[in-house]
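Note sheet for the following structure.
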Amino acid sequence: MSPLSPYLNVDPRYLLHDPDEFILPTGANKTRGRFELAFFTIGSCCITGAVLGAVNGLRMGLAETRNMAWSKPRNVQILNMLTRQGATWANALGSLALLYSVFGVAIEKGRGAEDDINTVVAGTMTGMLYKSPGGLRGTARGGVAGLALSGAYAVYRNWDHLKDKAPTFY
């Protein structure tokens, strides 16, 4: 068999692509770090917040205009509620993601380690700072909520590892 393709006039061995081959700087990891993932996290939280807020706004708009006939004023009311709620939720979730990402990157750079401790501490600090305008009680509640959510995420991420290590009782 000839190594050249009669149709492409190209050696087909050059067309084989290994998915593990890509260009990296010398000494770089093949995985993205917390800083690179921060942009994805913030953007996806903003979009998720906008979608959830729009659905909530649609629900609220339909409920508030239930007694109105289908007309332009009702449609405008519903669209106003939809866009207002979408923007509000996108802002809230985007702010949370930004705080979490900033704390996560700062803790990783400060500790020099990338592990689940960073995740839990960043989640706790995010909850505390986000709810800090509510006073000491609000800060404590936000910290507990952040600790619970980030702790649950850390357990979920390591579930296979934790499941394999069953406790031994003597």
Side-chain angles (χ1 to χ4, degrees), residues 16-61 63 78-170:
L16 297 176
H17 179 64
D18 187 9
D20 292 335
E21 292 181 11
F22 49 91
I23 299 172
L24 288 173
T26 306
N29 283 348
K30 285 192 175 186
T31 60
R32 289 190 237 169
R34 191 177 282 270
F35 183 71
E36 289 86 5
L37 291 175
F39 298 103
F40 171 76
T41 303
I42 295 166
S44 61
C45 283
C46 283
I47 291 172
T48 302
V51 169
L52 292 176
V55 168
N56 187 43
L58 179 63
R59 182 191 59 80
M60 289 172 63
I78 292 171
L79 284 175
N80 285 344
M81 188 66 73
L82 191 142
T83 54
R84 190 178 314 128
Q85 288 294 312
T88 302
W89 282 48
N91 189 12
L93 284 180
S95 298
L96 282 170
L98 177 67
L99 289 173
Y100 173 75
S101 297
V102 166
F103 283 135
V105 169
I107 292 167
E108 179 187 334
K109 297 298 180 196
R111 288 186 62 227
E114 188 175 333
D115 55 9
D116 290 324
I117 294 172
N118 297 351
T119 300
V120 173
V121 172
T124 305
M125 290 176 66
T126 298
M128 291 174 70
L129 185 61
Y130 190 75
K131 287 297 186 177
S132 64
L136 224 50
R137 291 182 86 151
T139 302
R141 286 180 184 158
V144 169
L147 177 67
L149 289 172
S150 59
Y153 175 70
V155 168
Y156 169 75
R157 223 172 76 178
N158 294 316
W159 185 251
D160 293 335
H161 179 69
L162 294 172
K163 192 171 60 172
D164 292 340
K165 292 190 176 189
T168 55
F169 300 104
Y170 296 102

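Just so you know, these numbers come straight off a predicted model, no measurement behind them.
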At what distance, to the nearest 0.5 angstrom, does [atom1] of [X] lie from [atom2] of [Y]?
X	Y	atom1	atom2	result
L93	T88	CG	OG1	11.0 Å
M128	L147	CE	CG	10.5 Å
N118	S150	CG	OG	11.0 Å

**Study point:** Close side-chain approach of V121 and F103, heavy atoms under 4.5 Å
**Key:**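 Not in contact.
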Check your understanding: Are any of the side-chain heavy atoms of M125 and L99 separated by less than 4.5 Å?
Key ->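 They are not in contact (no side-chain heavy atoms under 4.5 Å apart), so the answer is no.
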Please report the shortest heavy-atom distance between [X] and [Y], naming the atom on each side.
X	Y	result
T126	A122	OG1-O, 2.7 Å
A90	A50	CB-N, 3.7 Å
T83	N80	OG1-O, 3.2 Å
G94	C46	CA-SG, 3.5 Å

[X]: what forms a side chain to side chain contact (heavy atoms under 4.5 Å, CB included) with it, not counting sequence neighbours?
X	result
L98	I42, V102
L58	L62, I78, L82
S132	L129, T139

Point to revise | Residue pairs involving residues 109-153 (criterion ring pair (Phe, Tyr, Trp, His ring centres under 6.0 Å); sequence neighbours excluded) | key: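 Found none.
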Review point. Can you name the residues that form a ring-ring contact (aromatic ring centres under 6.0 Å, His included) with F35, not counting sequence neighbours?
Key: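 Scan of F35 (ring-ring contact (aromatic ring centres under 6.0 Å, His included), adjacent residues dropped) gives F39.
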Review point. Would a distance-only check, ignoring hydrogens and angles, find a side-chain to backbone donor-acceptor pair under 3.5 Å from N56 to L52?
Key: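 Flag not set: sc N56 to bb L52 has no pair under 3.5 Å.
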Point to revise | Qualifying salt bridge (Lys or Arg N to Asp or Glu O under 4.0 Å) pairs with a residue from residues 129-142, counting only residues at least two apart or across chains | key: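 Listed once each, the pairs would be none.
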Check your understanding: Got a sec, which pairs hit salt bridge (Lys or Arg N to Asp or Glu O under 4.0 Å) with one end in residues 84-113, sequence neighbours left out?
Key ->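 Residue pairs with at least one partner in residues 84-113: R34-E108, R111-D115.
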**Study point:** side chain to side chain donor-acceptor pair (under 3.5 Å) involving T41 - partner list, sequence neighbours excluded
**Key:**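 T41 satisfies side chain to side chain donor-acceptor pair (under 3.5 Å) with no residue once adjacent residues are dropped.
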Exercise for review: Taking side chain to side chain donor-acceptor pair (under 3.5 Å) as the test, write out the residues that go with T124, two or more places apart.
Suggested key: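 Residues passing side chain to side chain donor-acceptor pair (under 3.5 Å) with T124: none at all.
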Exercise for review: Go through the structure and list residues passing salt bridge (Lys or Arg N to Asp or Glu O under 4.0 Å) with R157, not counting sequence neighbours.
Suggested key: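 With sequence neighbours excluded, R157 shows a salt bridge (Lys or Arg N to Asp or Glu O under 4.0 Å) to D116, given in chain and number order.
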Point to revise | Partner set under salt bridge (Lys or Arg N to Asp or Glu O under 4.0 Å) for R59, not counting sequence neighbours | key: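 In terms of salt bridge (Lys or Arg N to Asp or Glu O under 4.0 Å), with neighbours along the sequence ignored, R59 is linked to no residue.
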